[in-house]
Structure formats: structure tokens, C-alpha cells
**Q** 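This is the structure, below, for whatever I ask next.
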Amino acid sequence: MDKHYDPKAVEAKWYPIWENTGAFKPSGTGKPYSVVIPPPNVTGILHMGHALNDTIQDVLVRWHRMRGDDTLWVPGTDHAGIATQNVVEKALRKEGKRRQDLGREAFIERVWEWKKQYGGTIVKQLRALGCSCDWSHERFTMDEGLSRAVAEVFTEMYEKDLVYRGNYIVNWCPRCGTALADDEIEHEPNHGHLWYVRYPVVGSALGVKGEAYQDYIMVATTRPETLPGDTAVAVNPKDERYLHLHGKTVILPLTGREIPVLPDDYVEREFGTGIVKITPAHDPNDFLVGKRHGLEEINIMNGDGTMNELAGAAYAGLDRFACREKIVADLDVGGFLDHVEDYDNQVGHCYRCHTVVESRLSKQWFVRMKPLAEKAMEVVRDGRIVFTPKRYENTYFNWMENIRDWCISRQIWWGHRIPVYTCECGHEWAATEKPSVCPKCDAGADKITQDPDVLDTWFSSWLWPFSTLGWPDKTADLARYYPTTDLCTAPDIIFFWVARMIMAGCRFMDDVPFRNVVLHGVVRDAQGRKMSKSLGNSLDPLEIIGKYSADALRFTLMQTTSPGIDVFISMDKFEIGRNFGTKIWNAARFIQMHAQKVEGFSFADYAGGSGGCKPHVGAGTALSLDDRHILATADAALAAMDTALAGYRFQDAALAAYDFVWSQFCDWYLEEAKRDLYGDDPARRAQVVGILAEVFGRALRMIHPFMPFVTEEIWHQLGYASSDEETISHAPWPKPFAAEQKAAWGIDEDVRAYVNARHDLITAGRALRSSISALKPSDKVAFVVSAKTAEAADRLRAETESLAGFLGASGVEVLCGETLSGMPSADTALGTVALKLEGSVDAEAEKKKAQEEIAKLEGFLRTVEAKLGNETFLGKAPAAIVEQQKARKEELLADLARKRALLVSLG
RNA sequence: GGGCGGGUAGCUCAGUGGUUAGAGCCCUCGGCUUACACCCGAGUGGUCGCGGGUUCGAGUCCCGCCCCGCCCACCA
């Protein structure tokens with residue numbers, strides 16, 4: 001193996017091999033485990049949110065695959081209607097053309113060309129991340145099959161009256177010329193004004209000009225340009241200031257129209273003057289007020305944001321912002337404008353082109369959501385779908401209970417065209433295929449027109465879990481892999497995606513789309529800001545892969561993420577993942593180096609295959625304590641990982657693997673193994689190599705879901721794989737050692753506890769050495785150990801001898817139950833270890849240290865004694881806890897005695 | 001305004017009512033020891049946001065408050 005690991009070369013090498021050998025195709029045998037990817041926008045490039053989301057899925061998928069499940073991960077992309085259309089329009093603009101110049105068909109052709117050329121970016125990037133998707137199942141929301149699913153669903157809903165066309169107030173982008181869903185609006189702070197306008201009260205007006213009015217009401221507005229569309233003013237019904245106005249009418253300035261004063265709860269008394277002008281056609285709340293009171297809706301604006309003739313001859317044709325200025329000026333001239341205040345508020349912008357969004361009355365298609373929501377709530381309530389973390393179920397219910405109809409039509413060209421047709425006689429129907437004749441009047445194809453609008457992009461995404469598996473056909477995939485198992489996403493799309501998928505699954509498949517919803521956090525920068533292009537604070541996953549490797553990116557993300565908690569990340573964090581990869585690589589080199597010295601040694605015997613053939617592990621002499629300890633620790637680490645992964649706690653799983661490999665295997669076992677590996681007993685050498693191969697083979701497989709590339713490379717370099725085609729991703733996930741094997745090898749919790757205590761002893765010895773400031777290399781040291789019990793003394797003798805060897809001490813003296821005085825010492829689970837010096841000791845420093853420790857111990861002792869003197873504690877605490885405290889007290893007393901004696905001997 | 005999350009070491013975060021609250025990074029000290037300096041060893045560093053309460057025992061449970069963040073609604 002090379003001295004330095006080269007992730008670039010290794011990562012570039014493996015993905016094509018995996019893909020070409022079909023490593024990620026479902027096996028067809030075992031328990032089905034399936035996941036559909038949240039389809040990224042086809043225009044998208046991989047950002048940190050994807051990296052987190054897709055790594056989580058890949059960890060789950062690889063884990064299940066290794067466990068022998070029939071694993072399918074369906075990848076794909078979303079056609080992203082408005083986003084994609086904008087990208088192509090932008091390209092067209094460079095040629096000096098608009099989409100209208102090409103016409104609808106040619107434009108769509110252009111979009112497809114664009115998709116063919118550039119649409120594969122994110123899909124390539126998923127490969128760079130190492131995602132083990134089955135690319136033979138790749139889907140695109142505008143694919144023929146998925147389009148058929150969309151038409152099928154729409155037609156069925158049309159016929160069952162689950163969709164309807166209605167005049168409704170929608171968000172409208174005047175530049176894109178389309179309706180936008182609420183989530184396609186970005187609210188941004190705006191420094192605007194509040195204009196205070198006088199509306200004369202009818203029946204008490206005393207003059208013609210504004211100045212002359214003695215009786216008027218004051219209305220505050222941020223949008224004076226909508227004034228010609230006003231059909232009422234409203235006050236809060238409980239506002240005693242305006243009780244006298246109920247039932248009165250006022251004159252709408254500049255128009256002379258008489259409009260009513262209405263009481264409505266929607267009005268806030270505290271805001272402005274407490275009187276609101278109501279413009280039902282241009283404000284969503286006013287629209288609702290209008291509906292409640294049966295007001296007329298006057299649409300005064302064109303789709304491009306200019307005023308129409310209903311705004312009045314003086315304003316028709318003006319842009320909305322020009323019109324605002326003119327109306328303000330006219331109000332002023334007419335004496336209606338009282339004063340102006342500065343006012344900051346939030347204004348909605350189109351998420352694609354950033355134009356200020358207009359609320360506009362228009363004919364749109366809607367889905368009736370209430371009938372779909374019932375069942376979708378039921379399946380979560382009864383546990384057929386489980387959210388992780390559970391608390392998001394509340395968020396889900398909250399939204400579902402207050403669900404509003406879904407506006408699904410968009411006035412753009414790129415997307416699924418609404419399959420609603422009308423013939424010349426006005427017959428209307430929906431159909432999955434383009435009809436050649438009207439089903440009602442025999443009008444021919446040339447007399448039939450299709451609705452020009454397209455469907456909201458989410459209208460295809462909500463079918464994703466079954467449309468990707470072949471629906472509406474009854475495919476084998478659908479039968480085997482639906483419902484899918486896990487759905488992983490960030491909580492911000494619970495509403496417009498997760499909830500809708502659940503509704504669609506229940507409605508069209510009569511079954512849930514997935515069993516578990518796994519919600520992870522949003523990736524943020526070190527300051528806690530959402531990563532975004534406009535802030536320029538995005539970390540580019542590809543840059544990280546280039547600098548640190550995909551494995552490093554993946555591992556760091558996993559060990560940083562907690563369920564449902566946002567991920568704060570900065571560039572240097574990826575060193576953790578990189579360093580871990582390097583550590584594994586070096587451990588592999590070490591193991592290989594020693595394995596080469598064992599004749600006929602084969603790592604393939606330790607690949608976890610059936611048969612459990614491990615010729616060297618049990619051969620010859622019995623296993624050492626260290627051997628048994630690391631095998632037992634491997635088992636514990638495996639259990640910890642399995643539990644964590646089953647609970648979607650990726651951080652815990654990653655940390656369990658990290659701690660096991662680094663702190664346990666490398667820091668302790670490899671070091672301890674060197675004694676035998678560099679020793680002169682060939683049988684024992686072979687045995688140790690066998691244990692290294694067994695434990696490291698397990699470690700590689702356990703880490704593989706997190707770091708697929710480096711583990712695969714080592715798997716082959718060492719020869720766990722018996723051929724080039726064999727992949728670690730198909731190697732079996734480790735199983736706990738069988739009971740008989742554990743009994744034969746002597747693997748149990750006792751050996752873990754004992755060796756852990758021995759490690760404490762060694763650590764204490766090291767600490768002693770480095771804590772003695774006066775110790776010079778020439779000083780000779782010997783260890784003196786005082787065992788707690790006679791029984792422990794025998795064990796301690798052996799332990800301390802190895803400790804002395806470890807630390808270069810000249811000798812060992814074992815005592816039992818005696819107080820060690822005059823020597824720097826440290827306590828461990830096995831006993832007290834002290835250093836006997838044949839050099840000089842800084843008595844003052846030692847004295848000071850001893851005094852500090854005594855003070856500390858006395859403090860603890862007081863706490864424990866207080867507890868043991870407390871009747872209620874003795875009466876109510878569990879016996880085990882009481883015993884624990886009693887033992888603790890004895891220990892503290894003994895420790896104190898030793899320290900005090902030390903202090904005395906130091907003078 | 002409604003809902004949710006967070007506040008624990010300088011930083012990023014773990015922490016299943018029960019010994020003296022942990023990890024990584026940072027920092028200090030000592031080491032190029034023949035897998036690895038992307039390393040090894042040893043340390044320094046905490047009124048667990050504040051105030052009450054429940055309990056034998058609270059970082060952990062309850063109530064109130066203060067900050068930070070997110071989501072939803074709204075801001076005429």
C-alpha cells in the first residue's frame with residue numbers, strides 16, 4: 001500500500017466500477033428496503049443541504065444492503081417548472097430573443113435540449129458523493145411514464161370533482177406572468193410609506209373639496225394605487241371609536257364612488273388609524289373580507305403589472321408604481337392626503353426573478369384538500385407513518401387541520417400541461433390522451449383546444465414514491481418496493497412535499513408512500529445563517545470533496561448531525577473526516593505489513609463470509625486479555641452502531657465507529673499487539689494477525705456506509721475481497737459473536753471491565769511520569785503498586801510489569817492494602833500506582849498538589865456523608881444507590897488517609 | 001400573535017432522574033517511539049441562560065422569565 005492515501009484517484013476509480021458491475025441494483029432477495037430520493041431540481045447544483053440529505057440516505061441504504069435486504073434507492077430529478085424556464089429564457093435573452101419569439105413548441109424543444117446538455121450536473125455530483133443509487137431506475141418528473149401518472153391523477157380528480165377551477169386571489173409575478181404558490185414567495189424587508197387618506201363620510205360632507213370636509217374618516221394605506229379597486233372600508237366591530245360609523249357609507253376619493261363601512265374582526269384596532277380600505281381583487285385578506293360581506297371585486301390591473309381601464313381613465317396603462325405616484329399626487333391636490341409616514345414592512349418577491357409580487361384575482365385550478373387530508377392524518381395518528389423526531393408530527397397535524405385548497409395551475413410553458421380540453425361548443429372534459437374528437441358533440445381535433453396552463457411542479461412530485469415505480473401500470477417494482485421504507489428530508493418541506501405525498505399515496509395507492517419520515521436539520525454556516533447563494537456563505541460540497549475527499553465530507557456531516565437539529569458547519573470541520581480516513585489507511589498499512597510476514601495468511605478468511613473460517617484467531621495458545629478485550633469491544637461498538645442507525649441517530653453511529661477504531665483499536669490494541677508482532681513466537685504472531693484481520697475487517701464494514709471509498713480501497717488492497725469485482729458494499733454487515741464463540745474465546749463484560757481498568761492503570765502511570773516536573777531522563781524510576789485487595793494483588797503484579805515495560809521503569813514492587821506515602825501516586829480501578837524515584841523530587845510541588853487533592857476529597861466526602869446521614873435518602877433511594885454511596889465513602893476515606901500520610905511524609 | 005427548537009468548557013456539540021457533567025477542535029506541556037506529526041502521550045479549562053418548584057437526589061421533570069434561531073399567520 002502507498003504510504004499516503006490519495007482520495008482523488010481512489011474515489012474516481014471506484015464509482016464507475018460499482019456502477020458498471022451493477023453493485024447498486026436491488027438483489028431481488030431478502031426483505032425489501034426502498035427509498036426514493038427527494039428529486040433535486042434539474043437545474044440545480046449540489047449544495048450542502050443535498051450533501052447532508054443524500055449522505056443520510058446513502059448510509060441507510062448501504063447499511064440495509066449489507067444486512068442482506070433487497071435494497072433499492074430510486075434517484076431522479078425534478079423538472080422545476082419556473083426555475084428551469086427562467087434558466088432557458090435567460091439563455092435566450094443573450095440571443096436577443098424572448099420565449100414568445102420562438103412559440104410554445106419550439107421553446108419547450110429548447111428546454112429539452114438544455115436539459116439534455118446541462119441537466120445531468122447534479123446527477124453526476126451525486127456519484128461524486130458516492131451515493132449508491134440504482135441508476136437503472138433513474139426518473140425525471142417529465143418522463144413519459146411520470147407524465148402519464150400526472151395526467152391520470154388529474155383526470156381522475158377532475159372526474160371525481162377533487163379539482164375545480166375558481167376565481168381566486170393568487171400570488172402573481174407580473175414579470176413571469178404566472179401564479180405562484182405561497183412557498184414561491186420570498187418576503188423581504190421594505191422601506192416604504194404609510195399614506196393617511198381622508199374618506200368623506202356620506203350625509204355629513206359639507207363641501208366639494210377635501211379641505212372643506214368637516215367629517216371624514218382617516219384610512220392608512222401602503223398601497224394607494226389600489227384605491228380605485230376599493231369596495232369598502234372596514235373597522236374592528238369592538239372599536240368604540242368607530243361604533244357610530246357602522247352602517248354608514250363614505251366617498252372613495254378620486255372616484256366619487258360611495259362605499260360602505262363594515263365591521264370585521266380582521267381589522268386590528270392598534271394599527272394605523274384602525275380603519276382599513278378593502279380591495280378584494282388585490283389583497284388576499286381583503287378578498288376574504290369581500291367574500292364575507294359579498295363585496296364586488298374590481299380588478300384594476302393587467303397581468304403585466306399595468307393598470308387597466310377599471311382603474312380609471314387617468315391611470316389606465318400606467319405601471320403600478322407610476323400609478324402609485326400619480327394617485328398620491330392627485331390625492332394631495334384634491335386635499336384628501338392628510339400626511340405620510342415612513343413605514344417598514346415585508347414585501348413579497350418572486351423567488352425566481354425577484355419582482356415584487358402582486359395579489360391578483362384570476363381563474364386558477366385548485367385541488368380540494370380537505371377530503372385528502374382526513375386519511376393522511378389518520379395514517380400518522382395510527383403509527384403507520386412515523387416521523388423522526390416525533391415532534392414534527394405535531395407540525396404536520398397543525399398544518400393538515402388548517403389545510404387550504406392547493407392552487408395547481410401556473411401560467412408558464414415548461415411543465416405538465418393541464419389535460420383539460422374544450423371544444424368549440426363549450427364542452428369541457430379532462431383526458432389522459434390528447435383527444436381527436438369531442439366526447440359530447442363530435443367536434444374534431446381542429447376544434448378542440450387544451451388549457452394553456454401547466455401544473456405546479458409539486459403536482460408531479462407528490463406522486464414520486466409510486467410514479468417512479470411504474471404507476472399507473474401494475475409493475476413488479478410497485479408490488480415489491482411500495483410502500484417505500486424511509487423518506488429523508490429537511491423539515492422545511494413537510495408541507496408542500498411530505499404531506500402531499502402522504503395524501504396522494506393514500507388516495508391513489510390506498511397505502512402509505514413510506515413508513516418513516518426522517519427529518520434532518522438545515523445546514524447553516526458558523527454564524528448560524530442558512531447557506532445561500534445570495535449571502536455567499538455557501539460551502540461547495542465539490543470544493544470540499546476536492547480539498548478533503550467525499551469520505552471526509554460524508555463522515556464529518558454524519559458525526560455533526562443530530563435528528564432535526566440544524567447543522568452548523570465550517571470548512572475546517574472536514575479535517576475530522578479526512579484525519580479519520582488517514583488513520584484508517586495507516587492502520588491498514590500496519591496490519592498489512594505484519595500479515596505479509598505470516599506465511600499463507602489470507603484476509604479473505606476474515607471477510608465475514610459464511611463458515612466463519614478464522615484459522616488463526618483461535619489457533620495455538622489461548623487468547624490474551626487484550627485480544628479478548630478488543631473482540632468484546634468490537635461487539636459492543638457494533639451493538640451501539642446498530643441501535644443508533646435503527647433510531648436514525650447518525651451522529652451516535654459515527655462516533656461509535658470513530659471511538660472504536662481510533663481510541664480503542666488503534667490507541668490500545670495495535671500498541672499492545674506490537675509486543676507480540678515484533679516478538680519471536682511465530683505462532684502467536686500469526687494469532688495476533690488473525691485477530692487484527694478479524695477486528696479490522698469488522699471495522700471496515702462498519703465504517704463503509706459512512707466512508708465508502710476508502711473502505712472499499714482497503715478491502716481490496718488487503719485482500720478481504722477475493723476478486724476485483726467483489727465489493728465491500730455486498731460484504732455482510734457484522735453480526736454479534738455467537739454465544740459459543742464468546743464462551744470459547746472468553747469474551748465477556750468482565751474482561752472488558754478488567755482491561756479497561758488496566759488501561760486506567762497505564763494512563764495513571766503515564767500521568768505520573770509527565771506530571772513530575774523535576775524528573776529528568778537520567779532519573780531512575782520504579783513503580784510501586786498497592787492493590788485494593790489480596791485477590792487483586794496477583795493480577796496487579798502482571799499488569800504492572802507490563803506497565804513498567806511500557807513506560808521504561810526499572811522495576812515493580814507490589815503491595816497489598818498498604819498506604820503509599822512519600823511518593824507521587826494516582827488511583828485506578830485496580831489499585832493505587834505510585835512512582836518511586838531515585839532522583840530528586842520537588843517536595844513543595846508535591847505537597848501543594850497533595851493538599852489540593854485532600855481538599856477536593858474532603859468536599860466529596862462531605863457530600864457523601866450528608867447523603868448517608870439523611871433518613872429520607874436511606875428510606876427512599878434504591879438499595880443499589882445506597883450501597884454505591886457507602887462504598888464510595890469507604891473509598892474516599894482510604895484515599896484521604898493515603899493522601900494525608902503522603903503529606904506528612906513530605907513534611 | 002401562534003407553534004417549535006436551542007442556550008452545557010474559548011469554539012462545535014453529546015448527555016436515558018443516580019458516583020466527582022463528557023467528546024472533538026482550540027490552547028499549554030512533553031515526544032519525529034520502526035502504521036500514522038492529517039500523529040502519540042499528558043494537562044488547563046464548567047455559578048449546565050436566570051428564578052422558583054417537585055424529589056432522598058435535577059444539566060435531565062414542572063412553572064415563570066430572559067436571550068438566539070426556525071416555522072406558520074400577519075403587518076392595511
**Q** Just how far, in rounded Å, is C1' of B/C39 from CH2 of A/W662?
**A** 8 Å
**Q** What does B/G1 pair with, Watson-Crick or G-U, if both distances are under 3.5 Å?
**A**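 With both distances under 3.5 Å, B/G1 matches B/C72.
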**Q** Check this one for me: any side-chain N or O of A/K583 less than 4.0 Å away from OP1 or OP2 of B/C40?
**A** yes
**Q** With P as the reference atom in both, quote the distance from B/A14 to B/A9 in angstrom, rounded to an integer.
**A** 12 Å
**Q** Take atom P in B/C38 and the same atom in B/U44, then report the distance between them in whole Å.
**A** 26 Å
**Q** Measuring centre to centre across the rings, with the benzene-like ring taken for any Trp, is A/F580 within less than 6.0 Å of A/F555?
**A**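 Under 6.0 Å, so yes.
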**Q** At 4.0 Å (heavy atoms only), tell me whether A/D667 reaches a base, stays on the sugar-phosphate, or touches nothing.
**A** sugar-phosphate
**Q** Could you give the CG-to-P distance, from A/L655 to B/G15, as a whole number of Å?
**A**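 In whole Å, B/G15 P and A/L655 CG are 10 Å from each other.
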**Q** Using atom P in both nucleotides, what's the gap between B/G30 and B/C13 to the nearest angstrom?
**A**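 B/G30 and B/C13 have their P atoms separated by 33 Å.
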**Q** Which nucleotide sits closest to the side chain of A/I576: B/G24, B/C56, B/G5?
**A** B/G24
**Q** Judged by each residue's nearest nucleotide on RNA chain B, which is more toward the 5′ side, A/K876 or A/V864?
**A**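 Result of the comparison: A/V864.
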**Q** Under 4.0 angstrom, heavy atoms only, what part of the nucleic acid is A/N285 near: base, sugar-phosphate, or nothing?
**A**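 Sugar-phosphate, backbone atoms only, no base.
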**Q** Checking all strands, does A/L874 fall into the base, sugar-phosphate, or nothing category for heavy-atom contacts under 4.0 angstrom?
**A**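 The residue A/L874 makes no contact with any strand.
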**Q** Please measure how far the P atom in B/G22 lies from the corresponding atom in B/U47, and state the result in whole Å.
**A**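 It comes out at 15 Å once rounded to the nearest Å.
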**Q** Do A/E671 and B/A35 have a side chain to base donor-acceptor pair shorter than 3.5 Å?
**A**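 Donor-acceptor pair under 3.5 Å: yes.
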**Q** Of all the choices, B/A76, B/C38, B/A35, which nucleotide is nearest to the side chain of A/T582 once you look at every atom?
**A** B/C38
**Q** With rounding to the closest Å, how many angstrom separate the P atoms on B/A73 and B/C11?
**A**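 Those two atoms are separated by 35 Å.
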**Q** Look at all strands and tell whether A/T395 reaches a base, only sugar-phosphate, or nothing, counting heavy atoms closer than 4.0 Å.
**A** nothing
**Q** Run the side-chain contact (heavy atoms from CB on, under 4.5 Å) check on A/V598 and A/Q596 step by step: do they pass?
**A** CA-CA 5 Å; A/V598 177; A/Q596 279 166 349; over 6 Å; no
**Q** Can you tell which of B/A76, B/C56, B/C38 lies closest to the side chain of A/F873?
**A** B/C56
**Q** Reading RNA chain B from 5' onward, which residue's closest nucleotide shows up sooner: A/D286 or A/N586?
**A**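 This one resolves to A/N586.
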**Q** Salt bridge or not for A/E871 and A/K876, using N-O below 4.0 Å?
**A** no
**Q** Please assess A/F590 against A/N586 for the test side-chain contact (heavy atoms from CB on, under 4.5 Å), listing each intermediate value before the final yes or no.
**A** CA-CA 6 Å; A/F590 175 82; A/N586 283 311; over 6 Å; no
**Q** Please determine whether any donor N or O and acceptor N or O are separated by less than 3.5 Å between the side chain of A/T872 and the base of B/C56.
**A**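 Answer is no: no donor-acceptor pair is held.
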**Q** With P as the reference atom in both, quote the distance from B/G43 to B/G6 in angstrom, rounded to an integer.
**A** 34 Å
**Q** Mind checking A/W195 for me? I need base, sugar-phosphate or nothing, with any heavy atom below 4.0 Å counting as a touch.
**A** nothing
**Q** What residues form a side chain to side chain contact (heavy atoms under 4.5 Å, CB included) with A/F495, not counting sequence neighbours?
**A**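 A/F495 satisfies side chain to side chain contact (heavy atoms under 4.5 Å, CB included) with A/T395, A/W399 only.
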**Q** When the distance from CG of A/D283 to P of B/A76 is rounded to whole Å, what number comes out?
**A** 8 Å
**Q** Picking from B/U34, B/C56, B/G5, which would you name as closest to the side chain of A/Y678?
**A** B/U34
**Q** With a 3.5 angstrom cut-off on both distances, give the Watson-Crick or G-U wobble partner of B/A42, or none if there isn't one.
**A** B/U28
**Q** Using whole Å, what does the distance between atom C1' of nucleotide B/A23 and atom CD of A/Q559 come to?
**A** 9 Å
**Q** Please determine whether side-chain contact (heavy atoms from CB on, under 4.5 Å) holds for the pair A/Y196 and A/V219, giving the CA-CA distance in whole Å, both sets of side-chain angles, and the decisive distance to 0.1 Å.
**A** CA-CA 6 Å; A/Y196 286 79; A/V219 174; over 6 Å; no
**Q** Say you pick atom P in B/C66 and the same atom in B/G57; how far apart are they, in whole Å?
**A**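 Each nucleotide's P atom is 29 Å from the other's.
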**Q** How far does the P atom of B/G24 sit from the matching atom of B/U60, given to the nearest Å?
**A**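 Result for the P pair: 25 Å, nearest Å.
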**Q** I need the single residue from A/Y678, A/F696, A/F603 that forms a ring pair (Phe, Tyr, Trp, His ring centres under 6.0 Å) with A/H594. Which is it?
**A** A/Y678
**Q** When all nucleic acid strands are considered with a 4.0 Å heavy-atom cut-off, which category describes A/E871: base, sugar-phosphate, or nothing?
**A**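 Nothing, no nucleic acid heavy atom in range.
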**Q** Assess whether side-chain contact (heavy atoms from CB on, under 4.5 Å) is satisfied between A/L677 and A/V689, documenting all intermediate values.
**A** CA-CA 8 Å; A/L677 291 170; A/V689 166; 3.8 Å; yes
**Q** If you check every side-chain atom of A/N398, which of B/A42, B/A35, B/G3 has the closest atom?
**A** B/G3
**Q** What is the distance, to the nearest angstrom, from the CD atom on A/E883 to the C1' atom on B/G18?
**A**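 Atom CD in A/E883 sits about 14 Å away from atom C1' in B/G18.
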**Q** Can you measure A/I762 atom CD1 to B/A42 atom P for me and round it to whole angstrom units?
**A** 11 Å
**Q** Would you kindly give the CE-to-C1' distance between A/M218 and B/A76, to the nearest whole Å?
**A** 15 Å
**Q** Check whether the side chain of A/R578 and the base of B/C38 form a donor-acceptor pair under 3.5 Å.
**A**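 For A/R578, whose side chain was compared with the base of B/C38, there is a donor-acceptor pair (under 3.5 Å).
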**Q** Considering every strand and a 4.0 Å limit on heavy-atom distances, what is the contact class for A/F580: base, sugar-phosphate, or nothing?
**A**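 Since no nucleic acid heavy atom lies under 4.0 Å of A/F580, the category is nothing.
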**Q** Rounded to the nearest angstrom, tell me the gap between atom NZ in A/K597 and atom P in B/U34.
**A** 14 Å
**Q** Assign A/K3 to base, sugar-phosphate, or nothing according to its heavy-atom contacts below 4.0 angstrom with the strands shown.
**A**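 Sugar-phosphate contact only - A/K3 comes under 4.0 Å of backbone atoms but never of a base.
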**Q** Considering every strand and a 4.0 Å limit on heavy-atom distances, what is the contact class for A/V267: base, sugar-phosphate, or nothing?
**A**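 Contact class for A/V267: base.
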**Q** Answer yes or no: does a side-chain N or O of A/K573 lie under 4.0 Å from OP1 or OP2 of B/C13?
**A** no
